[in-house]
Amino acid sequence: MELIYTGKTKDVFKLENELFLLKFKDDVTGENGVFDPGANTVGLTIDGAGLAGLKLTSFFYSKLNGLDVPTHYVDANFDEQTMTVKPATVFGKGLEVICRFKAVGSFLRRYGAYVQEGQDLDAFVEVTIKDDDRLDPPISEDALAMLNLLTHEEYAILKERTIEISKFVGAELAKKGLTLYDIKLEFGRDAKTNEIILIDEISGGNMRAYKDGTYIEPLELEQIMLAK
């Protein structure tokens with residue numbers, strides 16, 4: 001295997017069969033030792049976070065693949081804490097797509113003069129640029145098109161799939177009595193077909209889930225969701 005990228009929460013290896021391997025770490029994003037899925041730096045290390053994230057990601061991706069939602073997921077190896085994926089190219093240097101159902105996190109910090117904490121949002125979608133130095137700034141549809149990162153047609157697909165996937169995840173959480181407040185997704189272009197596909201992970205590390213108004217930590221979320 002060839003190590004081609006070291007990320008905050010995962011390392012990426014290139015395999016000989018044209019597929020890629022994601023190695024999940026126990027590092028999670030946050031600031032000052034406090035977990036925050038919206039942060040752009042590693043804030044702390046939580047024992048077991050990598051495996052929990054992988055198991056939950058495999059759970060959601062397997063279901064999405066079964067629904068014919070285009071993703072990069074092939075399979076997972078829990079013993080090795082790895083996930084095999086199809087190759088994909090990112091938009092520019094990478095985008096993150098957030099779907100918000102409640103006003104919390106950076107949305108509340110930005111627009112707190114106009115919204116109350118926890119206020120309902122109608123699957124509000126926003127896109128940010130992956131740029132640590134500039135604190136992952138939000139970017140508009142017009143700016144994405146102007147900078148040749150996404151066409152307007154591709155943005156429409158991205159937004160539609162973000163809402164579809166986020167509502168699916170929210171419905172799965174609701175089966176366990178949980179409420180999805182927001183979720184951060186990533187997409188890319190399939191390296192062979194150029195189709196827009198879901199990439200990266202779907203885990204407690206990139207969403208905020210609550211039960212009866214109490215935030216559920218990533219490891220507890222995995223235990224609740226995968227309990228028989």
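Note that these values count all heavy atoms, side chains included, but never hydrogens, waters or copies made by symmetry.
Judged by distance alone, the side chain of Lys10 and the main-chain N or O of Tyr5 form no donor-acceptor pair under 3.5 Å. Side-chain atoms of Asp200 do not come within 3.5 Å of backbone N or O of Phe187 as any donor-acceptor pair. No donor-acceptor distance shorter than 3.5 angstrom exists from the side chain of His152 to the backbone of Glu141, with no hydrogens or angles considered. Panel note: side chain Gln119, backbone Gln116; a donor-acceptor pair is recorded below 3.5 Å.
In this structure, the separation between CD1 on Ile202 and CG on Leu56 is 8.5 Å, given to the nearest 0.5 Å. Between atom NZ of residue Lys211 and atom CD of residue Glu220 there is a gap of 9.5 Å, rounded to the nearest 0.5 Å. For the atom pair CG (Leu95) and CG (Leu144), the distance works out to 6.0 Å, reported to the nearest 0.5 Å. Between the CG atom in Leu219 and the NZ atom in Lys55 there is a gap of 10.5 Å [rounded to 0.5 Å]. Summarising the geometry, atom CG belonging to Leu54 is positioned 9.5 Å from atom OG belonging to Ser203; distances are rounded to the nearest 0.5 Å. Note: Glu126 CD to Glu96 CD = 11.0 Å, rounded to the nearest 0.5 Å.
Hydrophobic clustering (ILVMFWY, side-chain heavy atoms < 4.5 Å, transitive): Ile197 and Tyr61 are in distinct clusters. Tracing side-chain contacts under 4.5 Å through hydrophobic residues (I, L, V, M, F, W, Y), one never reaches Leu121 starting from Val104; they form parts of separate clusters. Follow the hydrophobic side-chain contacts under 4.5 Å out from Val115 and you never reach Val125; the two are in separate clusters. By the rule that hydrophobic residues join a cluster once side-chain heavy atoms approach within less than 4.5 Å of another member, Leu147 and Tyr155 end up as members of one cluster. A continuous path of ILVMFWY side-chain contacts below 4.5 Å connects Leu185 to Leu178, so both sit in one hydrophobic cluster.
At least one side-chain heavy atom of Thr6 sits under 4.5 Å from a side-chain heavy atom of Lys25. Counting heavy atoms from C-beta outward, Asp11 and Leu22 have side chains that stay 4.5 Å or more apart. Contact annotation: the side chain of Phe101 approaches that of Ser166 to within less than 4.5 Å [non-hydrogen atoms, C-beta and beyond]. By the 4.5 Å heavy-atom criterion applied to side chains, Val97 and Leu158 are counted as neighbours. Cys99 is not listed as a side-chain neighbour of Lys167, based on a closest heavy-atom distance of 4.5 Å or more. With contacts defined as side-chain heavy-atom distances shorter than 4.5 Å, the pair Lys184/Glu201 does not qualify. At least one side-chain heavy atom of Leu21 sits under 4.5 Å from a side-chain heavy atom of Met1. Side-chain contact check for Val169 versus Phe60: some heavy-atom pair is nearer than 4.5 Å.
In this structure, His72 has its ring center no closer than 6.0 Å to that of Phe20. In summary, the aromatic rings of Tyr215 and Tyr210 are positioned with their centroids under 6.0 Å apart.
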Applying salt bridge (charged side-chain N to carboxylate O under 4.0 Å, His left out) to Lys159 and Glu164, what does each step give before you reach the verdict? CA-CA 9 Å; Lys159 181 177 179 180; Glu164 176 189 10; over 6 Å; no

Intermediate values then yes/no, side chain to side chain contact (heavy atoms under 4.5 Å, CB included), Phe13 and Lys23: CA-CA 8 Å; Phe13 297 86; Lys23 174 74 172 179; 3.9 Å; yes

Please test Leu15 against Thr84 for side chain to side chain contact (heavy atoms under 4.5 Å, CB included), starting from the C-alpha separation and ending with a verdict. CA-CA 9 Å; Leu15 302 176; Thr84 305; 4.2 Å; yes

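Side-chain atoms of Thr57 and Tyr73 form no donor-acceptor pair, as typed in the model, at a separation below 3.5 Å. Checked by atom type, the side-chain pair Thr45/Asp26 shows no donor-acceptor distance below 3.5 Å. Arg134 and Thr128 are not linked by any side-chain donor-acceptor pair at a separation below 3.5 angstrom, with hydrogens and angles left out of the test. Using modelled atom types, one finds a donor on one side chain and an acceptor on the other under 3.5 Å when comparing Thr71 with Asn65.
A salt bridge links Arg100 to Asp182: at least one charged side-chain nitrogen sits closer than 4.0 Å to a carboxylate oxygen. The existence of a salt bridge linking Lys175 and Glu172 is confirmed by a sub-4.0 Å separation between a basic side-chain nitrogen and an acidic carboxylate oxygen. Using a 4.0 Å cut-off between a side-chain N of Lys or Arg and a carboxylate O of Asp or Glu, Arg189 and Glu154 qualify as a salt bridge. A salt bridge links Lys192 and Glu18; the closest N-O separation between the charged side-chain nitrogens and carboxylate oxygens is under 4.0 Å. Looking at Asp131 and Lys93, no side-chain N of the basic residue comes within less than 4.0 Å of a carboxylate O on the acidic one, giving no salt bridge.
If you run ring pair (Phe, Tyr, Trp, His ring centres under 6.0 Å) between Phe107 and each of Tyr114, Tyr181, Phe124, only Phe124 comes through. A side-chain contact (heavy atoms from CB on, under 4.5 Å) with Ile157 is found for one member of Thr162, Ile196, Leu150 and no other, namely Ile196.
Around CG of Asn17, the count of heavy atoms belonging to other residues, nucleotides or ligands within 6.0 Å exceeds 12. Within a 6.0 Å radius of NZ in Lys14, no more than 12 heavy atoms belonging to other residues, nucleotides or ligands are found.
The minimum heavy-atom distance linking Ala209 with Leu173 is given by the pair CB-CD2, 3.5 Å. Nearest heavy-atom pair, Leu198 versus Leu64, reported as atom, atom and distance to 0.1 Å: CD2-CD1, 3.8 Å. In plain terms, the two heavy atoms of Lys102 and Gly118 that are nearest each other are CD-O, 3.2 Å. When all heavy atoms of Ile199 and Ala88 are compared, the pair lying nearest together is CG2-CB, 4.0 Å. Heavy-atom minimum distance, Gln81 versus Phe24: NE2-O, 2.8 Å. Closest approach of Leu180 to Arg208, counting heavy atoms only: CD1-O, 3.6 Å.
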